[in-house]
Amino acid sequence: MNDVAQRLHHVLERIRHAERAAGRAPGSVSLVAVSKRQPVSRLLAAARAGQSAFGENYAQEALEKIPHLREYRPEWHFIGPLQTNKTKLVAEYFDWLHSLERLRVAERLSRQRPDALPPLQVCLQVNVSGESSKAGINPSDTVELARAVAELPGLRLRGLMTMPEPSVDPRRQRASFATLRECLERLRETLPQLDTLSMGMSDDLESAVAEGATIVRIGTAVFGPRREDVSVASTHS
Ligand SMILES: *Cc1c(COP(=O)(O)O)cnc(C)c1O
């Protein structure tokens, strides 16, 4: 087995173990392999090992990689900050968007989603760490935005995503993830179809699964260190 296949296997074991520890059904947590700033060769190794969902943060970089994985037909998840001038790329090439924060962006995506494709699956990104982190909307603003997004024909609102302030303390990790879980529970009183909690990364996936994550987004634990020195990963490793 190659390096990526081994790491992927280990991450899947961690997820299965966390599901068991939390008394959750096997397979109730799915893995998005976060491949930003990773070379295409590593994505191909993961795809050959059976990984079928990839997360990217930069639209232009993703566009260069997507054709190389066509034969595997993976799901593409956009998880980074989305600028208004990049919505069309996400609407045309992605299956999911985890980082929705603004109604104007949602309306553009809905208009730009091609008729031939199913609605874009979306999560609202919520800031559960207060002022210490910039990305994401305030928990108290989720109801209003969720109601408006749920009306848009080109989108299918699935739930909430968060990326909390990193902490090595499992109690603090769990407190952040619990905030997102409670936020989804409140939303489900009016939007019972919502079923997704996108939370948990390489260093805190166990805490996220314990608090109800349905999707974990794992980068370095699957692919190894990212190339922070290049803006676009080359096709060679
Ligand atoms: C990079 C990134 C991840 C993965 O982080 P790792 O620590 O490498 O697992 C997950 N979610 C988002 C939004 C990211 O930008």
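Computed from a predicted model, the values in this text were never measured in an experiment. Just the heavy atoms: all of them, side chains too, but no hydrogens, waters or symmetry mates, feed the values below. Numbers here simply count residues along the sequence, with the first being 1. Counting convention: from 1, in listed order, for ligands and their atoms alike.
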Contact check: Gly219 vs ligand 1, nitrogen or oxygen atoms, below 3.5 angstrom:
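It does: an N or O of Gly219 is found under 3.5 Å from an N or O of ligand 1.
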Can you pull out the closest protein heavy atom to [atom]? Residue, atom name and distance to 0.1 Å, please.
{"atom": "atom 13 (C) of ligand 1", "result": "Met163 SD, 3.2 Å"}
{"atom": "atom 6 (P) of ligand 1", "result": "Ser202 OG, 3.5 Å"}
{"atom": "atom 3 (C) of ligand 1", "result": "Met201 SD, 3.6 Å"}
{"atom": "atom 11 (N) of ligand 1", "result": "Arg217 NE, 2.9 Å"}
{"atom": "atom 2 (C) of ligand 1", "result": "Lys36 NZ, 2.6 Å"}

Heavy-atom contacts with [X] under 4.0 Å: which atoms of ligand 1 show up? List them by number with element.
{"X": "Ile79", "value": "11 (N), 12 (C), 13 (C), 14 (C)"}
{"X": "Asn57", "value": "14 (C), 15 (O)"}
{"X": "Ile218", "value": "9 (O)"}

Handout entry: Flag if over 12 foreign heavy atoms under 6.0 Å of CD, Glu182
Key =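 More than 12 heavy atoms, drawn from other residues, nucleotides or ligands, come within 6.0 Å of this atom.
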Salt bridge flag under 4.0 Å for residues Glu185 and Arg181: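 Looking at Arg181 together with Glu185, the answer is yes, because their closest N to O distance falls below 4.0 Å.
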Pair Arg16 + Glu19: basic N to acidic O under 4.0 Å
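Answer for the salt bridge query: yes.
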Side chain proximity check, Lys65 to Glu61, heavy atoms < 4.5 angstrom:
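Yes, their side chains come closer than 4.5 Å.
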* Evaluate the side-chain proximity of Val168 to Asp203: yes if any heavy-atom separation is below 4.5 Å, no if none is. =>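 Heavy-atom side-chain distance check fails, nothing below 4.5 Å.
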*Taking the six-membered ring for Trp, are Phe94 and Trp76 parallel (under 30°), tilted (30 to 60°) or perpendicular (over 60°)?*
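Taking Trp76 first and then Phe94, their aromatic rings stand perpendicular (interplane angle over 60°).
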Report the distance from atom CG of Leu187 to atom CG of Leu194, rounding to the nearest 0.5 Å.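 One gets 6.0 Å once the value is rounded to the nearest 0.5 Å.
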Does His98 have a heavy atom less than 4.0 Å from any atom of ligand 1?
->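 Distance cut 4.0 Å: His98 fails for ligand 1.
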